[in-house]
Asks: 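Below is the structure I would like to discuss, written out as structure tokens.
Both ligands and their constituent atoms are indexed starting at 1 by order of listing.
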Amino acid sequence: MNKTLEGVPIVSRQALAGLCLGFIALSTPVFAQCDPGEILIRFSHVTAETGHPKGEAALLLQTRVNEEMDGRACMEVYPRSQLFNDDDVLPAMLRGEVEMAAPSLSKFGAYTPQLQVFDLPFLFEDILAVEEFQNSDAGQELKESMVDDGLLGLEFWHNGMKQLSANVPLVDPADADGLKFRVQRSAVLMAQIEALGGEPFPMAFSAVFDALQSGDVDGQANTWSNIYTQGFHTVQDGVTETNHGIVDYLVVTSVEWWEGLQPDIREDLAQILLEVTHERNRFAFELGELNKIRVRQEGATIRILDDNEREAWVSALAPVYDQFRDEIGADLIQAAQAAEGGI
Ligand code: SIN
């Protein structure tokens with residue numbers, strides 16, 4: 001045991017496989033049966049429902065709400081973009097068509113420039129640094145940065161560090177020159193690809209596999225858990241372990257719906273969500289490592305950068321900071337840089 005999240009020990013690599021197998025076995029989907037009179041809470045997300053940090057957290061939340069708030073509230077989780085994709089879910093929430101979601105932090109650019117801080121390249125050394133920043137005053141304030149637009153952040157959920165893949169080997173930043181990369185709809189992520197001489201293509205998560213397979217785009221950037229559960233590695237030349245960014249989530253709701261809940265319902269839901277967040281966030285790293293092992297076991301090439309190679313990617317992406325410093329805020333960037341995590 002070497003690192004901790006909120007004081008909770010993270011197990012060693014040796015315990016990984018057993019821990020994750022048990023973890024997944026505990027998370028069998030429980031489908032909601034809403035009774036008349038219960039408040040319906042529809043939770044929409046885009047990833048796999050099991051074997052994935054967000055999917056597993058959403059399932060546990062559903063199970064606990066339906067057991068502990070039976071008769072008062074009822075949660076239905078819709079994974080794999082079944083209800084909405086990430087481009088549509090926030091407008092739908094403001095229209096009252098869904099109550100909760102956990103979009104990637106890269107999907108909030110239309111509502112607040114501040115959350116773009118999480119998209120800056122090589123800002124966080126690891127997910128513990130992300131956690132430390134999110135728990136700081138500056139990080140917690142971000143949850144309320146969209147209240148004027150009608151959205152309220154409740155908790156941050158973890159996925160992991162992002163890796164880069166393409167239909168050609170990527171070792172030097174020049175290898176990305178001229179390639180088309182799928183990105184999330186984020187100005188900072190688009191600027192990163194442009195800094196490499198590539199062409200960014202924003203598209204919904206649900207469309208990425210087909211775009212990679214057909215060759216509409218050459219590459220993508222995502223976490224081990226997203227790469228494995230979507231099968232991206234099966235239609236790419238390999239995956240380069242760049243750890244150049246993060247995919248993390250904000251569990252979000254509409255201010256109007258949240259404030260319209262009876263106080264006891266709101267308090268119980270917030271407490272269950274907090275406990276689920278603590279319980280599941282500490283497993284996100286292990287699940288990512290397990291999914292990396294699975295990617296390798298399925299025969300994909302994983303390229304590890306040496307220090308000089310990594311430094312070349314850091315330098316190539318550094319100009320992105322100058323492009324977005326004023327918009328995001330120099331103080332906020334500094335607060336994020338100060339988070340040391342597990343280093
Ligand atoms: C997600 O993890 O929710 C989606 C990330 C992406 O769009 O790449």
Asks: Using heavy atoms and a threshold below 4.0 Å, how should the contact between His45 and ligand 1 be classified: side chain, backbone, both, or neither?
Replies: neither
Asks: Which protein non-hydrogen atom lies closest to atom 2 (O) of ligand 1, naming both residue and atom, and how far is it?
Replies: Tyr249 OH, 2.5 Å
Asks: For atom 5 (C) of ligand 1, what is the nearest protein heavy atom, given as residue, atom name and distance?
Replies: Asn226 ND2, 3.7 Å
Asks: Indicate yes or no for a side-chain donor-acceptor contact from Tyr321 to the backbone of Pro121 under 3.5 Å, with no hydrogens or angles considered.
Replies: yes
Asks: Please could you name the atoms of ligand 1 that Thr47 approaches to less than 4.0 Å, counting only its heavy atoms?
Replies: 1 (C), 2 (O), 3 (O)
Asks: Any donor and acceptor pair, going by atom type alone, linking the side chain of Gln163 with main-chain N or O of Met161 inside 3.5 Å?
Replies: yes
Asks: Mind checking whether Val208 contacts ligand 1 via backbone (N, CA, C, O), side chain (CB onward), both or neither, at a 4.0 Å heavy-atom cut-off?
Replies: neither
Asks: Can Arg42 and Glu76 be counted as an ion pair, charged N to O under 4.0 angstrom?
Replies: no
Asks: What protein heavy atom is closest to atom 3 (O) of ligand 1, reported as residue, atom name and distance in Å?
Replies: Lys54 NZ, 2.6 Å
Asks: Give the cluster check for Val46 versus Tyr78: same hydrophobic cluster or not, with ILVMFWY residues linked at side-chain heavy-atom distances below 4.5 Å.
Replies: no
Asks: Atoms of ligand 1 less than 4.0 Å from Gln184 heavy atoms?
Replies: 5 (C), 6 (C), 7 (O), 8 (O)
Asks: Give the numbers and elements of all ligand 1 atoms closer than 4.0 Å to a heavy atom of Lys107.
Replies: 4 (C), 6 (C), 7 (O)
Asks: Check each heavy atom of Arg182 against ligand 1 and say whether those closer than 4.0 Å belong to the side chain, the backbone, both or neither.
Replies: side chain
Asks: Does His52 reach ligand 1 with a nitrogen or oxygen that is under 3.5 Å from one of the ligand's nitrogen or oxygen atoms?
Replies: no
Asks: Identify, by atom number and element, the atoms of ligand 1 in contact range of Val46, meaning under 4.0 Å from any of its heavy atoms.
Replies: 1 (C), 3 (O), 4 (C)
Asks: Taking only distance into account, with no hydrogens and no angle test, what donor-acceptor pairs under 3.5 Å do side-chain atoms of residues 88-96 form with protein atoms, sequence neighbours excluded?
Replies:
| residue | atom | partner | partner atom | Å |
| --- | --- | --- | --- | --- |
| Arg95 | NE | Glu97 | OE2 | 2.9 |
| Arg95 | NH2 | Glu97 | OE1 | 3.0 |

Asks: Just by modelled atom types, is the Leu179 backbone N or O under 3.5 Å from a matching donor or acceptor in the Glu199 side chain?
Replies: no
Asks: Under the 3.5 angstrom rule, does the side chain of Asp218 hit a backbone N or O of Lys180 as a donor-acceptor pair?
Replies: yes
Asks: With Glu241, which of Lys162, Lys292, Arg303, Arg310 fulfils side-chain hydrogen bond (donor to acceptor under 3.5 Å, both in side chains)?
Replies: Lys292
Asks: Can you list the ligand 1 atoms lying under 4.0 Å from a non-hydrogen atom of Val247?
Replies: 2 (O)
